[in-house]
Amino acid sequence: MELHESLKKWFGYSEFRPGQREIIESLVSGQDVLAMLPTGTGKSICYQLPALLSDGLTIVVSPLLSLMLDQVQELKSKGMKQVAALNSMISKEERQSVLTHLSHYRLLYVSPEMLQSDWVLSKLKQINVRYFVVDEAHCISHWGKSFRTDYRKLAPIKRYLGHPPCLAITATATEEVRKDIKEQLQLQDESSYIYSVDRKNIALHIQETDSKETKLEQLLDYVNTVKGPGIVYFQSRKWTESAAEYLRSQGHTNVSFYHGGMVQEDRLLIQQQFMNGQLNLICCTSAFGMGLNKSDIRYVIHFHLPLDLESYLQEIGRAGRDGNQSLAILLYNKDDLGLATSMIQRDVMRSDQLVHILTALSEGGAFSPEKEVSIYTSIGVSESAFSILRYQLEQQQFVHRGNWKSFDVETVYSQMDHMLVEYRKVVERRLSNVYQWVETSQCKRERILHYFGEPAVEKPKLCCSSCGISVSDFELIQQNEDRVLGSVTDWQNQLNRVFLKEVGNGN
DNA sequence: CGGCTCTGTAGTACTACAGAGCCGGTGCGGTACT
C-alpha cells in the first residue's frame with residue numbers, strides 16, 4: 001500500500017497511529033477534514049504525508065515562528081527538501097526567492113498574518129494549491145477572537161485559492177470550538193475524526209493553599225520529591241523569574257524561566273536546553289510549550305489559576321507523552337480568582353473607552369497603525385481589546401486596511417457595546433468553568449471530560465484528587481518505573497546529550 | 001488580588017513613607033514591493 005510505504009520511507013514508522021490513516025485517506029480523497037487527536041500522537045504526519053505524495057503545494061497555517069522553524073528543520077533533516085516557511089524570520093530576499101519558486105515546494109508553512117499580504121496571495125494564486133491545512137486549529141477560536149484576528153480571515157483566502165481540501169487539526173477543542181472552526185473555515189461535508197482528550201497516564205491533583213507563601217513552599221516540596229523533567233506555569237512574567245531564582249537558591253541548579261518578553265534567541269536556547277536534558281525544570285508563562293516535542297515530561301504544575309479549561313488541558317497535555325505515569329498539579333488559592341478575573345477583563349474595553357475610540361475613528365480617513373495605537377493606548381485600552389473591536393468594524397466594512405469610512409458614533413456604539421457585552425460573558429463563563437471545576441468534589445477527570453462533551457470513562461488507578469490520590473502514590477510509581485526502566489532511561493539521556501536530539505516520536 | 005511605581009507632603013529641608021493608581025498573559029509583521 002502506497003501510504004504505508006511512504007510512512008515507512010519518510011517517517012520510519014511501520015504502522016499508523018490511531019486516526020492518522022483515516023484522516024489522511026479522507027484528505028487525499030478530496031474531503032475537508034476536522035481532526036482532534038490527543039497531544040503527542042503524530043498530528044503533523046496527517047498533512048505532511050499527503051503533501052509529500054501530492055503534485056501541488058500544501059499550505060500549512062501555523063501559529064508560531066518557532067514551530068514553523070522546527071518543522072521545516074525536522075523535515076529537511078529527513079531529506080525532504082521541498083519545504084519552506086514564509087515569515088518575518090527570513091530576509092526579504094529569501095521571501096522573494098520562495099515566492100518566485102513556489103512550484104518547487106510541497107509544503108509551505110505560513111502565519112495567518114502572512115496570508116493577509118496581497119503579494120503573497122497573488123503568488124499563491126498562480127500555482128496549484130493542493131491542500132489547505134490549519135495546524136493548532138483551536139487558535140482560530142482562542143487567539144482569533146482576541147489578539148490575532150487574522151485567524152478569523154482564512155475562509156476568503158481558501159476560497160480565493162480555489163477551495164483546496166482543508167484539514168483543521170488540533171488536540172483540544174470543545175464542541176463549541178469545533179463548531180466555530182467549521183464555520184470560520186467554511187468546511188463543507190467534512191469528515192470529523194474526534195478522539196478523546198482523556199490522558200489516562202496523567203493524574204490530576206488540585207491542592208488549595210491558604211497563602212502565596214505556603215504555595216511557594218508547596219511548590220518547592222513537589223519539585224524536591226517528584227522527579228522531572230517538569231514545567232511550572234505562572235500567570236505573570238515576573239513570577240516565572242522570581243520562582244526560578246527561588247528554586248535555584250534552594251539547590252535546583254538546572255531550573256530556568258521562559259516567557260514572551262524574552263528575546264527570541266534566549267527562548268530558543270532555553271527550549272533547546274530543556275529538550276536536551278540540560279535543564280530539568282522550566283518556570284514559564286503560557287508562552288512556553290506549544291509544539292514542544294519532548295516525551296518524558298513527568299509533571300506540569302500550575303501556580304496560578306488558568307483562564308480556561310482548554311488552555312489548561314493543552315498545558316498539562318505536555319506531560320507523559322511517552323505513556324509513563326505523569327502528574328498535573330494545580331496549586332490554588334482563593335486570591336487567584338481576582339488576578340484571573342482582572343486579566344480577562346482587561347481584554348474587554350469599558351463603555352467609556354469604546355465611546356472615546358469610536359469618536360476618534362468616526363470621521364474616517366487614513367489612519368496609520370501608529371495613529372491607531374496612540375488612540376487606544378492613550379486611554380489604557382490593551383491591544384487585544386482594541387483588536388476585538390477593530391475586527392468587528394472590519395467585518396462591517398467600516399475599515400479596510402488603514403482606511404476608515406466615516407460613521408455615526410451612536411449607531412455603531414450600540415452594536416459594538418452589545419458585541420463586547422456578549423464577548424465578556426463568554427470569557428467570564430470560561431473562567432467560571434475553571435473555578436467550578438477546581439471547587440468540585442466530583443471526579444476531576446469526569447468533569448473536565450464532560451466539559452469537552454465526552455461521556456464518563458473508566459478511571460485509571462491514579463485518577464484525581466477527588467478520587468483520592470496523593471503525591472506519594474505517584475512517587476511510588478515513579479520509583480517502580482525507575483527500577484524497570486532505569487537503565488534504558490539513562491542510556492536514552494546519554495544519547496540525547498550526545499546528539500542534542502530528543503529520542504521519541506512527538507507530533 | 002498583590003506588587004510595583006508614582007506622587008504628594010511632612011519634616012529630617014532632601015529623605016521617608018503613605019496612599020492612589022495601574023498592571024499583570026498569549027504573537028504575528030513591520031515596508032515599499034512583485
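All values below come from the heavy atoms of this structure, side chains included, with hydrogens, waters and symmetry mates left out.
- Here A:L337 lies out of heavy-atom contact (under 4.0 Å) with every strand.
- Among the protein residues, A:M290 comes within range of no part of the nucleic acid, since none of its heavy atoms lies under 4.0 Å from any strand.
- Taking only side-chain nitrogens and oxygens, A:R346 never comes nearer than 4.0 Å to OP1 or OP2 of B:dC23.
- Not one N or O on the side chain of A:T440 forms a donor-acceptor pair closer than 3.5 Å with the backbone of A:Q436.
- At a threshold of 4.0 angstrom between heavy atoms, the contacts of A:H142 with the nucleic acid are absent.
- Closest approach to the A:R148 side chain among B:dT26, B:dC28, B:dT34 is made by B:dC28 (side chain taken as heavy atoms from C-beta onward).
- Each of A:L339 and A:M89 lies near DNA chain B, and the nucleotide nearest A:L339 is the one positioned closer to the 5' end.
- Nucleic acid contact for A:T100: none, since no nucleic acid atom lies under 4.0 Å from a heavy atom of the residue.
- Within 4.0 Å (heavy atoms only), A:K123 reaches no atom of the nucleic acid at all.
- Residue pairs meeting the salt bridge (Lys or Arg N to Asp or Glu O under 4.0 Å) criterion with at least one member in residues 374-394 of chain A, sequence neighbours excluded, are A:K153-A:E394, A:E372-A:R390, A:R390-A:E394.
- The residue A:L307 sits close to a base: some heavy atom pair falls under 4.0 Å.
- Aromatic rings from A:Y451 and A:W437 are positioned such that their centres are separated by 6.0 Å or more.
- No hydrogens or angles were tested; on distance alone, a donor-acceptor pair under 3.5 Å links the side chain of A:S342 to the base of B:dG24.
- Listed pair A:R401 / B:dG29 fails the phosphate criterion, with no side-chain N or O lying under 4.0 Å from OP1 or OP2.
- Residue A:E383 places a side-chain atom within donor-acceptor reach of the base of B:dG27, judged by atom type and a 3.5 Å distance cut-off alone.
- Ring centers of A:W143 and A:H138: at least 6.0 Å apart, outside the cut-off.
- Looking at heavy-atom distances under 4.0 Å, A:D347 makes contact with a base.
- One atom, CD of A:Q345, and another, C1' of B:dC1, lie 12 Å apart when rounded to the nearest Å.
- Nucleotide B:dT34 holds its C1' atom 14 Å from the CE atom of A:M114, rounded to whole Å.
- A donor-acceptor contact under 3.5 angstrom links the side chains of A:H259 and A:E241, judged on distance only.
- Residue A:S88 has no polar side-chain atom (N or O) positioned under 4.0 Å from OP1 or OP2 of B:dG30.
- For A:E136 and A:T170, the side-chain atoms include no donor-acceptor pair closer than 3.5 Å.
- Secondary-structure stems of DNA chain B, taken as three or more successive Watson-Crick or G-U wobble pairs (i with j, i+1 with j-1) under a 3.5 Å distance threshold, comprise B:1-10 with B:15-24.
- Aromatic ring centres of A:F288 and A:F274 lie closer together than 6.0 Å.
- For A:H163, there are no ring-ring contact (aromatic ring centres under 6.0 Å, His included) partners, not counting sequence neighbours.
- Here A:K212 reaches the OP1 or OP2 of B:dG3: one of its side-chain N or O atoms lies under 4.0 Å away.
- Of the residues near DNA chain B, A:G380 and A:K334, the one whose nearest nucleotide (by heavy atom distance) lies more toward the 5' end is A:K334.
- Between A:S111 and B:dG27 there is no side-chain N or O to OP1 or OP2 distance below 4.0 Å.
- Residue contacts shown for A:P63 are limited to sugar-phosphate atoms, with no base heavy atom under 4.0 Å away.
- At whole-Å resolution of the value, CZ in A:R95 and P in B:dA32 are 13 Å apart.
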